[in-house]
Amino acid sequence: MLPVRGRDGRAARAARILGTRTAWTPVGDGEFYCPGCGGDRNYQRLSGRRRLTLLGVPLLPRGAAGPVVECAACGHHYGTEVLDHPTTRRFSAMLRDAVHTVALAVLAAGGTSSRTVLETAAGTVRAAGFQDCTEDRLAALVEALAADTGRVLGGPCGASLAIELHEALDPLAPHLAPAGRESLFLDAARIALADGPYTPAERDALTTVGAALTICAEDVGRLLTAARTPS
């Protein structure tokens, strides 16, 4: 192999003589969703210090590096913003809780006198992961919620219920694709429609659900219509 000549060759030789090395120190660990592996993995949070090297020997400090997140499986380094993404297990729990809260909100708006509505709501909640959810348990939760807030069942979405919806949906919405947000909204709309057309209170509750899912008003109207169309 011929030796490298010219400017590129001089640069390569200089890089071998002078360089920068980073010494990483673990400052924390945990579990995260690794974008490289595509799943939940363990990680180390690392803080680094850069040093100028001469012939591979570290000499002068060159400042701080990181912090970064290192995947224990693939070894790749990522910015600490990856920790904002929920793990798969956490995301599943957030979605399950969101479906449960949305179902309660729609039932509180429409009332629990219809067995068909309760069956639809319970089936939706069970499909989301609450396998032991029953119609009677949902009805009892809605009645307890109304008693606790002094709210009349079938009335407009109250402030306390709107707060609960936002608490359940605000952290979830940024991690849901548009199709996922619409699917969750449609589940809520179909619960409301199980016993007939939307009531004004149900529309109010669904509008609040749409806002918490960051669905624009125009798309909320489109989805309210789409839910009435048999699939």
Exercise. Stepwise, does the side chain to side chain contact (heavy atoms under 4.5 Å, CB included) test hold for Val106 with Leu206?
Worked result: CA-CA 7 Å; Val106 175; Leu206 290 169; 4.1 Å; yes
Problem set entry | Spacing of CG belonging to Asp219 relative to CD belonging to Glu182, to within rounding of 0.5 Å | 6.0 Å
Exercise. What's the verdict on side chain to side chain contact (heavy atoms under 4.5 Å, CB included) for Leu141 and His100, showing C-alpha distance, side-chain angles and the deciding distance?
Worked result: CA-CA 11 Å; Leu141 284 172; His100 188 259; 3.8 Å; yes
Exercise. If you look at every heavy atom in Ala168 and Thr101, which pair is closest and at what distance?
Worked result: CB-OG1, 3.8 Å
Exercise. If you look at every heavy atom in Ala194 and Thr116, which pair is closest and at what distance?
Worked result: O-CG2, 3.4 Å
For this session: Would you check if the side chain of Ser92 reaches a backbone N or O of Thr88 as a donor-acceptor pair within less than 3.5 Å?
Result: yes
Exercise. Any side-chain heavy-atom pair from Thr112 and Leu138 closer than 4.5 angstrom?
Worked result: no
For this session: Please assess Ile191 against Thr124 for the test side chain to side chain contact (heavy atoms under 4.5 Å, CB included), listing each intermediate value before the final yes or no.
Result: CA-CA 8 Å; Ile191 294 172; Thr124 300; 4.1 Å; yes
Problem set entry | salt_bridge(Asp40, Arg90) N-O dist < 4.0 Å | no
For this session: Would you confirm whether the ring centroid of Phe91 sits within less than 6.0 angstrom of the ring centroid of His175?
Result: no
For this session: Would you please classify the geometry between the His77 ring and the Trp24 ring as parallel, tilted or perpendicular, with 30° and 60° separating the classes?
Result: perpendicular
For this session: Taking all heavy atoms of Asp170 and all of Ala212, pick out the closest pair and write down the distance.
Result: OD1-O, 3.5 Å
For this session: Find the distance between CG (Leu118) and OG (Ser114) and round it off to the nearest 0.5 Å.
Result: 7.0 Å
For this session: Drop me the distance from Ile163's CD1 to Thr208's OG1, to the nearest 0.5 angstrom.
Result: 11.5 Å
Exercise. Do the side chains of Tyr33 and Leu95 join up, straight or via other hydrophobic residues, at under 4.5 Å, putting them in one cluster?
Worked result: no
Exercise. Restricting to pairs with a member in residues 66-80, which pass salt bridge (charged side-chain N to carboxylate O under 4.0 Å, His left out), not counting sequence neighbours?
Worked result: none
Problem set entry | Partners passing side-chain hydrogen bond (donor to acceptor under 3.5 Å, both in side chains) against Thr134 (at least two apart in sequence or in another chain) | none
Seminar exercise, completed: Heavy-atom closest pair (Gly210 atom, Val220 atom, distance to 0.1 Å) is CA-CG2, 4.0 Å
Exercise. What pair of heavy atoms forms the shortest contact from Val27 to Ser47, and how long is it?
Worked result: CG1-CB, 4.0 Å
Seminar exercise, completed: Rounded to the nearest 0.5 Å, the CD atom of Glu202 sits from the CG atom of Leu193 at a distance of 7.5 Å
Exercise. Just wondering, are more than 12 heavy atoms of other shown residues or ligands nearer than 6.0 Å to CZ in Arg89?
Worked result: no
Exercise. What's the verdict on side chain to side chain contact (heavy atoms under 4.5 Å, CB included) for Phe130 and Asp97, showing C-alpha distance, side-chain angles and the deciding distance?
Worked result: CA-CA 9 Å; Phe130 280 112; Asp97 292 344; 3.5 Å; yes
Exercise. At their closest point, which heavy atom of Tyr198 faces which heavy atom of Ala192, and how far apart are they?
Worked result: CD2-CB, 3.9 Å
Problem set entry | Pairwise side-chain contact, Leu213 with Leu184, heavy-atom cut-off 4.5 Å (strictly under) | yes
For this session: Indicate if Leu104 and Met94 have the same hydrophobic cluster label, given that clusters are the connected sets of ILVMFWY residues with side-chain heavy-atom separations under 4.5 angstrom.
Result: yes
Exercise. From Leu223 CG over to Leu186 CG, what is the distance, rounded to the nearest 0.5 angstrom?
Worked result: 5.0 Å
Seminar exercise, completed: Interatomic distance, CZ@Phe32 vs CZ@Arg45, rounded to 0.5 Å, equals 12.5 Å
Problem set entry | Test item: Tyr43 side-chain N/O and Leu83 main-chain N/O as donor-acceptor pair under 3.5 Å | no
